[in-house]
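Below is one structure, written out as structure tokens; the observations come after it.
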Amino acid sequence: MNKLEAFGHIAALAMRGDLVFPTSVNAALRVQLALDDPDCPIDEAIRLVLAEPQLAARTVALANSAMFSRSGGAVVTNVRAAIMRIGYHNLFALAAAMVVRQFGSKITDPELRNMAEQLWDHTIHVACLSRIIAREVTYVNPDTALFAAIVHEVGGFYLLSRADEFPGLLEPDPENWQPASEEIITREVMHKLGIPEPVASAIEGLRDGFLQIPPDTLLDTLLLANHLAPVASPLPSAPREEPAHSESIIDLFIDEEKLARMLEESKADAASMNAALLV
């Protein structure tokens, strides 16, 4: 099976809903499903989190990270206090992060594992930047921006998780048909994971979307975060022409001092969040 056939095979399976997920993903999905209900009782959320030891440890660690403890509050030592501090939206995003990470857990090829790690680093930087950009620039919901950024490369993670079965699947693609196949796969993976439509729509828009002026949508938030992220995605993307003077356009709504402050904060958040999620 050549590369084109492999992509066609995976895309066809995805369109049929025949997606291969690690067993551990299903547990995280159950947590996400419950937390998607804003009226989920706190005791039920605690029970679900405690049923997944990794999620419990990471919830407490995230609550104590710089992202959520800047005010110098007391150290959180239990799941109840951790959930109260970070909130359901961020707990939902944390469960999504576990799903994303689990896709790479079974990869055995060293080169593919390196790609998965770089893609995770890229994801974390985009997530932290998205949260800050939402708060400071686009004024969309920062929790939604964080969640969208965490799952924005879920299709790429899924492909990496299947690449062991299809040698050469992610090699350079001079004919540029891979991104179209990846778009189909990403759409179906997001559907399987129950990603809300507004978030899925913004993620799908990343392939061909351009920043609008002034930026005020979730898509704009993700586009800006991807542009500013210090770690690039290792996966190939379709070639595209950036609008003329794209760098100077950003200067219209983010001055140099504000940009430096945002980048510094996101760098610290990324290090803190990465440490929390590696517990």
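Reckoned from all heavy atoms, side chains included, excluding hydrogens, waters and symmetry mates. Residue numbers count from 1 along this sequence.
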request  = Please step through side-chain contact (heavy atoms from CB on, under 4.5 Å) for the pair L129 and L263, ending with a clear verdict.
outcome  = CA-CA 7 Å; L129 277 163; L263 291 174; 3.9 Å; yes

request  = Kindly determine whether M273 and D269 satisfy side-chain contact (heavy atoms from CB on, under 4.5 Å), including the steps that lead there.
outcome  = CA-CA 6 Å; M273 188 175 182; D269 283 351; 5.7 Å; no

message = Could you go through V100 and E153, starting from their C-alpha distance and side-chain angles, then the distance that decides it, and tell me whether this counts as side-chain contact (heavy atoms from CB on, under 4.5 Å)?
response = CA-CA 8 Å; V100 170; E153 289 282 8; over 6 Å; no

Worked check of salt bridge (Lys or Arg N to Asp or Glu O under 4.0 Å) between E44 and R47 = CA-CA 5 Å; E44 175 64 7; R47 184 190 69 78; 2.8 Å; yes

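V79 has its side chain within reach of V60: a pair of non-hydrogen atoms, C-beta onward, lies under 4.5 Å apart. For the pair V140/D220, no side-chain contact is recorded, criterion being any heavy-atom separation below 4.5 Å from C-beta on. Side-chain contact between V199 and M190: absent, with no pair of heavy atoms (C-beta onward) separated by less than 4.5 Å. Looking only at side-chain heavy atoms (C-beta outward), H152 and N226 come within less than 4.5 Å of each other. Contact check for R131 versus T221: no side-chain heavy atoms found under the 4.5 Å cut-off.
T186 places no side-chain N or O within 3.5 Å of a backbone atom of E183 that could act as its donor or acceptor partner. Y88 contributes no side-chain N or O that, together with a main-chain N or O of A45, makes up a donor-acceptor pair within less than 3.5 Å. Side-chain atoms of H227 never come within 3.5 Å of backbone atoms of L224 as a donor-acceptor pair (strictly under, hydrogens ignored).
I46 and M98 fall within the same hydrophobic cluster, defined by Ile, Leu, Val, Met, Phe, Trp and Tyr side-chain heavy atoms under 4.5 Å apart, directly or through other members. Connection of I213 to V137 is established within a shared hydrophobic cluster, with ILVMFWY side chains joined at heavy-atom distances below 4.5 Å, either directly or through further cluster members. Grouping the Ile, Leu, Val, Met, Phe, Trp and Tyr side chains by contacts below 4.5 angstrom, directly or via other members, places V189 with L160. In the hydrophobic cluster analysis, where Ile, Leu, Val, Met, Phe, Trp and Tyr join through side-chain heavy atoms closer than 4.5 angstrom, L50 is grouped together with L48. In the hydrophobic clustering of this structure, I195 groups with L206; members are Ile, Leu, Val, Met, Phe, Trp, Tyr whose side-chain heavy atoms approach within less than 4.5 Å, directly or through other members.
For H125, the ring pair (Phe, Tyr, Trp, His ring centres under 6.0 Å) test picks out no residue, with sequence neighbours left out. Every residue two or more places apart in sequence or in another chain that forms a salt bridge (Lys or Arg N to Asp or Glu O under 4.0 Å) with E136 is listed here: R261. In this structure, the side chain to side chain contact (heavy atoms under 4.5 Å, CB included) partners of A97, at least two apart in sequence or on a different chain, are W120, I150, L277. Partners of F147 by ring pair (Phe, Tyr, Trp, His ring centres under 6.0 Å), not counting sequence neighbours, listed by chain and number: F92. The side-chain hydrogen bond (donor to acceptor under 3.5 Å, both in side chains) test applied to R113 returns no partner, not counting sequence neighbours.
In this structure, T217 OG1 and L223 CG are separated by 7.5 Å, a value rounded to the nearest 0.5 Å. One finds the CG atom of D121 at 6.0 Å from the CG atom of N274 (value rounded to the nearest 0.5 Å). To the nearest 0.5 angstrom, R162 atom CZ is 13.0 Å from L112 atom CG. Atom CD of Q118 is separated from atom OG1 of T123 by 10.5 Å, given to the nearest 0.5 angstrom. With values rounded to the nearest 0.5 angstrom, L91 atom CG is found 9.0 Å from L62 atom CG. The CG atom of L228 sits 7.0 Å away from the CE atom of M262 when rounded to the nearest 0.5 Å.
Nearest heavy-atom pair, N64 versus A74, reported as atom, atom and distance to 0.1 Å: OD1-O, 4.4 Å. Nearest heavy-atom pair, S65 versus S272, reported as atom, atom and distance to 0.1 Å: CB-OG, 2.8 Å. Closest of all the heavy-atom pairs between L119 and S233 is CD1-OG, 3.5 Å. When all heavy atoms of A96 and V151 are compared, the closest pair comes out as CB-CG1, 3.8 Å. Across every non-hydrogen atom of L222 and S130, the tightest pair is CD2-OG, 3.8 Å. Minimum interatomic distance between R85 and F68 (heavy atoms only, all atoms of both residues): CD-O, 3.3 Å.
By the 6.0 Å contact criterion, NZ on K267 is open, its count of non-hydrogen atoms from other residues, nucleotides or ligands being 12 or less. No more than 12 heavy atoms of other residues, nucleotides or ligands sit less than 6.0 Å from atom CD of E111.
The list of salt bridge (Lys or Arg N to Asp or Glu O under 4.0 Å) pairs with a residue in residues 137-146, not counting sequence neighbours, is empty.
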